[in-house]
**Q** 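So that we are looking at the same thing, I have put the structure below in structure tokens.
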Amino acid sequence: MRALDLGSLTAVAAGTAIATQGLGFLPGETAKAEIFSPDALFAGSAQIQTSPDGTTWTNVGVAHTSAGYNTFMITLSNWIRLNATARTAGTVKAVVFDDIG
């Protein structure tokens with residue numbers, strides 16, 4: 001199983017853009033994504049975004065707004081990142097897996 005850790009955010013900001021090809025994932029590939037709060041304290045709004053060029057970003061999945069887990073399927077592009085648009089507490093984290101069975 002391949003896993004791509006999109007990192008953790010503890011401030012209201014976009015995460016680092018990650019090139020999907022360099023980590024074994026391909027544009028157009030379907031993968032499972034999870035957004036969650038490792039400290040179970042996250043309050044805010046965050047989503048996974050993809051981009052063909054690392055400049056123009058599209059939300060691909062549900063917005064995460066609580067301390068629980070959100071799991072959903074996404075279609076990958078050339079670039080991917082975790083973006084928090086609001087945060088009042090806690091940490092949010094995102095991971096992409098190829099385990100879609």
**Q** Quick one: does Phe36's side chain get under 4.5 Å of Asn70's, heavy atoms only?
**A** no

**Q** I want to check something: taking the side chain as every heavy atom from C-beta on, are Val92 and Leu82 in contact at a cut-off of under 4.5 Å?
**A** yes

**Q** Within the 4.5 Å heavy-atom criterion, are Phe72 and Val60 side-chain neighbours or not?
**A** no

**Q** Distance check, rounded to the nearest 0.5 Å: Ser45 atom OG versus Ile35 atom CD1?
**A** 9.0 Å

**Q** If you compare all heavy atoms of Ala31 against all heavy atoms of Phe25, which two are closest, and at what distance to 0.1 Å?
**A** CB-CE2, 4.5 Å

**Q** Compare every heavy atom of Pro27 with every heavy atom of Asn78, then report the nearest pair and how far apart it is.
**A** OD1-CG, 2.9 Å

**Q** Heavy atoms only: give me the nearest Asp5-Ala94 pair and the separation to one decimal.
**A** OD1-O, 3.5 Å

**Q** Does any part of the side chain of Thr30, heavy atoms only, come nearer than 4.5 Å to the side chain of Ile74, both counted from C-beta?
**A** no

**Q** What I'd like to find out is whether the side chain of Ile48 reaches to under 4.5 Å of the side chain of Asn59, using heavy atoms alone.
**A** no

**Q** Out of curiosity, Tyr69 OH to Glu34 CD, how far, rounded to the nearest 0.5 Å?
**A** 6.5 Å

**Q** Looking only at heavy atoms, which two atoms of Ile80 and Thr50 are closest? And how far apart?
**A** CG1-CG2, 4.1 Å

**Q** For the backbone of Trp57 and the side chain of Ser51, can you confirm whether one donor and one acceptor N or O come within less than 3.5 Å of each other?
**A** no

**Q** Could you state the interatomic distance from CG (Asn83) to CD (Gln49), rounded to the nearest 0.5 Å?
**A** 4.0 Å

**Q** Could you check whether any side-chain N or O of Asp39 sits under 3.5 Å from a backbone N or O of Thr91, counting only pairs where one atom can act as donor and the other as acceptor?
**A** yes

